[in-house]
There are 2 protein chains.
Amino acid sequence: MIGAGIKRGTAELAILSVLEEGPLHGYEMARRIEEQTKGALRFTLAALYPMLYRMEQRGWIRGAWETSPSGRRKRCYRLTPAGKKKLSPLRKEWAELFGALKRLTKAAHA
Amino acid sequence: MIGAGIKRGTAELAILSVLEEGPLHGYEMARRIEEQTKGALRFTLAALYPMLYRMEQRGWIRGAWETSPSGRRKRCYRLTPAGKKKLSPLRKEWAELFGALKRLTKAAHA
DNA sequence: GCTTATATATAAGAATCTTACATGTAAGGG
DNA sequence: CCCTTACATGTAAGATTCTTATATATAAGC
């Protein structure tokens, strides 16, 4: 798995990305992120839940309690329009970061 | 410039990368990182100096005070063998992270 | 003499991660 | 019926790494 040091800041993008597919609750988000990245990116739920609160406060996602017929409660999150709008520049920023790090490597080998 | 949130953990790789070219002191490292990434990645010196201490304690770089003929002191850092060894797996880890984030995006558009 | 560039350093605070702890429901096997 | 595993959410303490602000000091150019 990818180390804790370098994956900082990835949670936001990962959450927005999985929510782009449709509404999800936290536990399922964690499962999908791990599945879709083939285990490379993994978030503990203790990291995920506080992040979901922060992102809700920023207006990027909106959570709603749902109670299934069996009586189990889930907090189902969906992207807000602001969250959708955030995704594209966020991805662009990540792409820029990758480009910048690549340039540093190339300069060293030039 | 790339935002503070997502560039966490990049300092290590950036420092090791510029030191791969040859020994440097902190002020010059900051200048080169900014230059080589065309301003995309920029570290304030207040972030850089503590990081240099930490990396020295981990044994990845070694600093030595140098006094120029004019009397100005610089702390010149160079890669240790451990630091050189660290670079390749660190780059691999970053590549994995990029791949994982790409997969998340693709899954959303599938 | 004044300003800008060079050069290093510390402090206070914010954000995001870690592991550990805490709670509770549902389903399946023995 | 009990026990274990999976599901589901949450808090707390601590580490790391970033931010801005502050401090010091030398060198070069005008």
Side-chain angles (χ1 to χ4, degrees), chain A residues 1-16 23-35 40-58 60-61 63-77 90 93-94 97 100, chain B residues 1-16 18 23-35 41-58 60-61 63-77 90 93-94 97 100:
Chain A
M1 217 227 334
I2 292 165
I6 76 161
K7 82 179 212 202
R8 289 209 167 224
T10 57
E12 263 182 21
L13 178 57
I15 289 169
L16 291 177
L24 282 176
H25 59 281
Y27 191 89
E28 179 66 13
M29 282 183 219
R31 211 192 56 74
R32 292 215 188 172
I33 290 170
E34 185 171 346
E35 179 191 74
L41 199 53
R42 190 180 302 169
F43 288 97
T44 61
L45 293 162
L48 211 55
Y49 290 123
M51 178 56 82
L52 289 173
Y53 294 143
R54 289 191 289 265
M55 290 175 70
E56 190 168 14
Q57 285 181 330
R58 287 171 203 155
W60 298 349
I61 61 176
W65 283 110
E66 283 181 9
T67 308
S68 58
S70 55
R72 174 176 283 170
R73 63 177 198 148
K74 295 178 188 180
R75 188 148 176 90
C76 189
Y77 289 95
L90 190 57
E93 208 179 0
W94 274 99
L97 178 65
Chain B
M1 217 227 336
I2 292 165
I6 76 162
K7 81 179 215 201
R8 290 212 165 222
T10 57
E12 261 181 21
L13 179 57
I15 290 168
L16 291 178
V18 292
L24 282 177
H25 60 284
Y27 192 88
E28 178 66 12
M29 281 183 219
R31 210 191 56 73
R32 291 214 188 174
I33 290 170
E34 186 171 345
E35 180 192 73
L41 198 53
R42 188 180 302 169
F43 288 98
T44 61
L45 293 161
L48 210 56
Y49 290 124
M51 177 55 83
L52 289 173
Y53 294 144
R54 289 191 287 264
M55 290 175 71
E56 190 169 14
Q57 284 181 330
R58 287 172 204 156
W60 297 348
I61 60 177
W65 283 110
E66 282 182 9
T67 309
S68 58
S70 55
R72 175 174 281 168
R73 63 181 198 144
K74 295 178 188 177
R75 189 150 175 88
C76 187
Y77 289 94
L90 190 56
E93 206 179 0
W94 274 99
L97 178 65

query = Does a side-chain heavy-atom distance below 4.5 Å link A:F43 with A:Y49?
reply = no

task = Could you check how far CD of A:Q57 sits from P of C:dA14, rounded to whole Å?
result = 14 Å

request  = Among the candidates D:dT17, D:dA8, C:dA15, find the nucleotide nearest to the side-chain atoms of B:R58.
outcome  = D:dT17

task = Just compare D:dT16, C:dA9, D:dC18 and give me whichever is closest to any side-chain atom of B:F43.
result = D:dC18

query = How long is the line joining CH2 of A:W65 and P of C:dT25, in whole Å?
reply = 14 Å

request  = With sequence neighbours left out, write down each residue that passes side-chain contact (heavy atoms from CB on, under 4.5 Å) with A:P50, or none if nothing qualifies.
outcome  = A:R54

A:R73, nearest nucleotide to its side chain (from D:dT17, D:dT9, C:dA7) = D:dT9

request  = Provide, to the nearest angstrom, the distance between the CG atom belonging to A:L48 and the P atom belonging to D:dC7.
outcome  = 15 Å

request  = Could you please name the option among C:dT19, D:dA8, C:dA15 that lies closest to any side-chain atom of A:Y27?
outcome  = D:dA8

task = On DNA chain C, check which nucleotide each of B:E28 and A:M51 is closest to and give me the residue with the more 5' one.
result = B:E28

task = Give the rounded distance in Å between these two atoms: CG of B:L41 and P of D:dT17.
result = 15 Å

ask   = Of all heavy-atom pairs between A:L45 and A:G26, which one has the smallest distance, and what is that distance?
value = CD2-O, 4.1 Å

message = Below the 4.0 Å mark, does C:dA9 have OP1 or OP2 next to a side-chain nitrogen or oxygen of B:Y49?
response = no

CZ on A:R8 to CZ on B:R8, rounded to 0.5 Å = 5.5 Å

ask   = Quick one: A:E56 CD to D:dG10 C1', roughly how many Å, whole number?
value = 15 Å

task = Starting from C1' on C:dC17, measure out to CG on B:L97 and report it in whole angstrom.
result = 14 Å

query = Between atom CG in A:L24 and atom C1' in D:dT9, what is the gap in whole Å?
reply = 16 Å

inquiry  = What's the closest nucleotide to the side chain of A:R72 if the choices are C:dA9, D:dA8, D:dT9?
reply    = D:dA8

query = Which one, C:dT10, D:dT9, D:dG10, comes nearest to the side chain of B:A46?
reply = C:dT10

B:R31: partners by side-chain hydrogen bond (donor to acceptor under 3.5 Å, both in side chains), with sequence neighbours left out = B:E28, B:E35

key: Residue A:R8, side-chain atoms from C-beta onward, closest of D:dG10, D:dA15, D:dC18   = D:dA15

request  = Ignoring the backbone of A:E12, work out which of D:dT11, C:dT16, C:dA7 is nearest its side chain.
outcome  = C:dT16

ask   = Quick one: is B:Y53 getting a side-chain N or O under 4.0 Å of the C:dT8 phosphate, OP1 or OP2?
value = no

note = Here the distance between atom C1' of D:dG10 and atom CE of A:M29, to the nearest Å, is 15 Å

request  = With the side chain of B:A47 defined as its heavy atoms from C-beta on, choose the nearest nucleotide among C:dT10, D:dT19, D:dC18.
outcome  = D:dT19

